[in-house]
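Both counts, for ligands and for their atoms, begin at 1 and track the order of listing. The model shown is predicted, which means the values in this text are computed figures rather than measured ones.
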Amino acid sequence: MEHHVEELLNEMTLDEKLGQLTQSRGGRSKDLNSLVDDEQKALVRQGRIGSYLHVAGAEFLTELQRLAVKESRLGIPLLFGLDVVHGYRTIFPVPLAAACSWDPDAVEQAARLAAEEATAAGVNWTFAPMVDVARDPRWGRIVEGAGEDPYLGAVMAAAQVRGYQGERLSDPNSLLACPKHFVAYGAGVGGRDYDSADVSPRTLAEVYLPPFRAAVQAGAGSLMTAFNDIAGIPMTAHQSLLQEVLRDRWGFSGLVVSDWNAIDELRAHGVAGDRAAAGALALRAGVDMDMVSGIYEQDLGRLVETGQLPTAVVDAAVRRVLRVKHWLGLFEDPFRYGNTAREQRVILSQSHVAFAREIAGKSIVLLKNDGDLLPLDKNIENLALIGPLADDRKAPLGSWKALGQPDDVVSLRAGILAAVGPNTEVQAAAGCDLDGDSTAGFAEAERLAKAADAVVLVLGEDDDMSGEARSRSRLELPGVQRQLAERVLALKKPTVVVLMGGRPLAIPWLAEQAPVLVETWLLGVQMGSAVADVLFGDVNPSGKLVTTFPVGVGQVPIFYGHRNTGRPASTDPSKDSARYIDAPIQPVFPFGHGLSYTTFNYADLEVTPPEVDAGDIVQVRCTVTNRGKRAGDEVVQLYARDPVASVAQPVQKLVGFHRLRLQPGEAATLTFNLPVEMLGYYDAEMSYRVEPGEFRVAIGASSADVRLDGSFRLREEVRDQGEPGSVFSRVDVTKNSAETPPLDSDAKLQP
Ligand code: BGC
């Protein structure tokens with residue numbers, strides 16, 4: 001490979017080199033392939049384009065590849081990129097939802113199936129996974145990531161990279177992954193998209209970098225820089241993070257691409273006076289490929305020719321682009337990806353759709369279930385289905401739909417109709433618009449609710465209210481949905497509130513007044529089926545929140561892994577403490593929260609050995625028993641804390657988790673194998689270490705529902721081992737023989 005790359009480099013003109021560093025728009029995200037005109041084709045023939053984005057389709061891409069390979073002087077194949085973020089045509093739950101499954105195997109599988117479909121359609125590069133830690137629900141792009149926690153984020157990042165890239169990048173169904181947006185994109189001030197992040201080096205290293213570290217360790221072949229600046233240095237020109245951290249420390253040898261037009265936007269940031277200066281800044285910093293600004297192609301040649309930009313800088317970037325093309329096997333067989341027969345066979349295939357239903361079911365979070373109102377009886381006589389999203393077939397597709405079609409989607413209404421018995425009457429009314437101010441539909445909604453035996457009220461946000469450039473300054477339900485809910489809830493009918501959307505909403509009043517609350521997010525093509533599975537008990541809910549639900553926007557940012565302060569928040573108003581005078585300090589729902597139709601008992605904590613040294617693994621063991629009458633999955637969570645350290649530590653840190661399936665009455669022993677080097681932090685000199693002394697561990701059903709706690713001691717200091725995102729705990733499970741469960745007819749529903 002290296003020999004071939006050097007050979008090519010020797011032959012390439014400067015224009016051809018800059019062409020390799022250029023990614024051109026082949027279409028728009030809503031109109032793929034639409035921009036590849038004759039002018040573009042001429043550029044491909046001249047070797048002036050290295051990659052296209054927003055393109056898809058086996059036939060179209062095979063032809064475009066043919067132009068590059070057969071009609072350009074050097075025949076270098078093109079990379080074809082698309083945002084395949086949660087599915088290609090079979091759309092899976094939005095990433096925030098999928099993370100609530102706490103099931104990395106399922107998340108990996110979703111990425112695998114997406115890769116199968118996209119590569120059949122000729123796409124060889126996805127701009128995913130999005131691994132930005134997000135602690136501000138105002139930020140619309142919170143929907144694209146795995147939530148607020150760096151450890152969970154790192155696990156999910158690695159799972160997705162494995163899923164997209166498969167076993168070998170050169171397999172014809174492997175898709176080049178591109179973790180994004182490097183880095184701290186989720187930390188924009190005010191929750192505004194694209195805005196400045198002013199995070200400390202420690203927070204960067206402990207919170208925002210770990211998912212990227214994990215993605216790189218999992219073998220990601222490319223990476224995208226973020227739009228934001230960090231304390232004044234735009235990430236598109238951030239030499240120290242791109243060079244010293246990403247390349248030197250982590251050994252990343254793949255290709256770095258800018259975000260959309262971000263190189264040109266260095267002028268608006270105010271760090272470059274003209275386009276050429278912007279291009280030079282980005283290339284020198286280590287951004288190898290220019291997404292759509294055209295600056296590398298149009299403006300850098302002059303700088304190289306006049307000696308202002310060394311050829312070596314251009315060559316280094318070209319090498320990385322060519323290597324990635326090699327890794328994908330494109331020089332060997334440039335046509336290995338698109339295949340119309342495979343396209344026909346795999347896209348939206350039955351097994352993919354079935355998996356979409358399965359992972360959607362795992363992503364649903366039961367927030368509240370007073371009086372065990374759920375699951376509903378399938379033979380209920382009269383069910384009222386109310387709300388502006390109840391029959392929406394577009395909203396479930398979420399942000400980044402790739403080839404997703406509303407026609408493929410099972411709406412909630414369709415899912416419920418398919419689930420209920422033949423004698424059940426389902427009456428539906430929107431009640432109001434998603435975001436208008438008309439209350440004209442309230443009367444009809446009330447009429448249906450009054451006549452019904454139970455009400456399913458579907459509220460929230462659609463696909464267009466979260467995602468890129470979709471930040472909100474308020475976190476309440478849009479429009480008059482709250483008033484609609486108040487009117488319906490006032491009838492005191494058995495009412496199940498289903499919340500849809502791509503961000504945690506501020507719904508303290510709803511959490512209090514609705515007897516039942518189910519967070520369903522935006523679940524993809526099988527949304528309605530999956531929601532019905534849960535509402536009627538065919539699937540026992542098991543998702544757990546990956547973001548804290550705030551009381552209101554004033555609490556934001558709020559996350560479980562905070563520090564204590566010298567005056568920890570107190571409920572006593574006479575004390576001056578870290579709290580508000582006009583709002584509670586507790587969130588509405590904490591990180592890790594999620595209920596089940598069964599109950600789990602936690603017992604017998606054992607922490608061994610009681611004293612450890614560097615290189616040791618602490619074993620934290622407990623027994624979890626399903627005490628209820630239904631089979632169910634519990635996500636068991638392990639948190640740790642270093643109570644006395646030279647740098648104040650978060651009150652809790654997730655360091656392990658396991659999703660466990662238990663039959664009624666069944667028990668299992670879980671052993672968390674926790675490497676001690678995971679328990680460290682960056683000290684005052686920013687070196688990573690674990691200080692000796694006592695460590696506390698806690699096992700819980702959520703960050704606020706700790707069931708067992710214990711401790712151990714570290715005898716000696718551990719230094720420079722275990723950078724966050726590079727080391728994970730492992731869980732071993734032993735199923736114990738079942739205790740005698742009081743089985744009833746309910747249990748039979750749950751094999
Ligand atoms: C987004 C990226 C995306 C790119 C290409 C940008 O606006 O920030 O996440 O990959 O467009 O569609």
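- Taking the six-membered ring for Trp, Phe212 and Trp250 have ring centres at least 6.0 Å apart.
- Ligand 1 lies nowhere less than 4.0 angstrom from a heavy atom belonging to Met130.
- Counting protein heavy atoms only, atom 6 (C) of ligand 1 is closest to Asp259 OD1, 2.9 Å.
- The distance from ligand 1 to the heavy atoms of Trp260 drops below 4.0 Å at these ligand atoms: 6 (C), 7 (O), 11 (O).
- The ring of Phe92 has its center no closer than 6.0 angstrom to the ring center of His86.
- Taking every non-hydrogen atom of Lys180 and a distance limit under 4.0 Å, the qualifying atoms of ligand 1 come out as 2 (C), 3 (C), 9 (O), 10 (O).
- The distance from ligand 1 to the heavy atoms of Leu53 drops below 4.0 Å at these ligand atoms: 5 (C).
- Atoms of ligand 1 lying under 4.0 Å from any heavy atom of His54, numbered from 1 in the order shown and given with element: 12 (O).
- Ranking the protein heavy atoms by distance from atom 5 (C) of ligand 1 puts Asp83 OD2, 3.2 Å first.
- Heavy-atom proximity to His181, at under 4.0 Å, picks out these atoms of ligand 1: 2 (C), 8 (O), 9 (O).
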Is there a side-chain contact (heavy atoms from CB on, under 4.5 Å) between Asp193 and Arg470 once you walk through the steps? CA-CA 7 Å; Asp193 210 356; Arg470 299 289 185 279; over 6 Å; no
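- Residue contacts with ligand 1, taken as heavy atom pairs separated by less than 4.0 Å, involve Arg141 solely via side-chain atoms from C-beta onward.
- Under 4.0 angstrom from ligand 1, the non-hydrogen atoms of Trp400 all belong to its side chain.
- In this structure the side chain of Glu108 reaches within 4.5 angstrom of the side chain of Arg162, judged on heavy atoms.
- Applying the 6.0 Å contact sphere to CZ of Arg474 captures no more than 12 heavy atoms from other residues, nucleotides or ligands.
- Looking at Trp327 and Ser170, their side chains never bring a donor and an acceptor atom within 3.5 Å of each other.
- At a threshold of 4.5 Å between non-hydrogen side-chain atoms, the residues Leu309 and Arg284 count as touching.
- Counted within 6.0 Å of CZ on Arg28, heavy atoms from surrounding residues, nucleotides or ligands total 12 or fewer; the atom is thus considered open.
- Contact annotation: Met224 has at least one heavy atom less than 4.0 Å from an atom of ligand 1.
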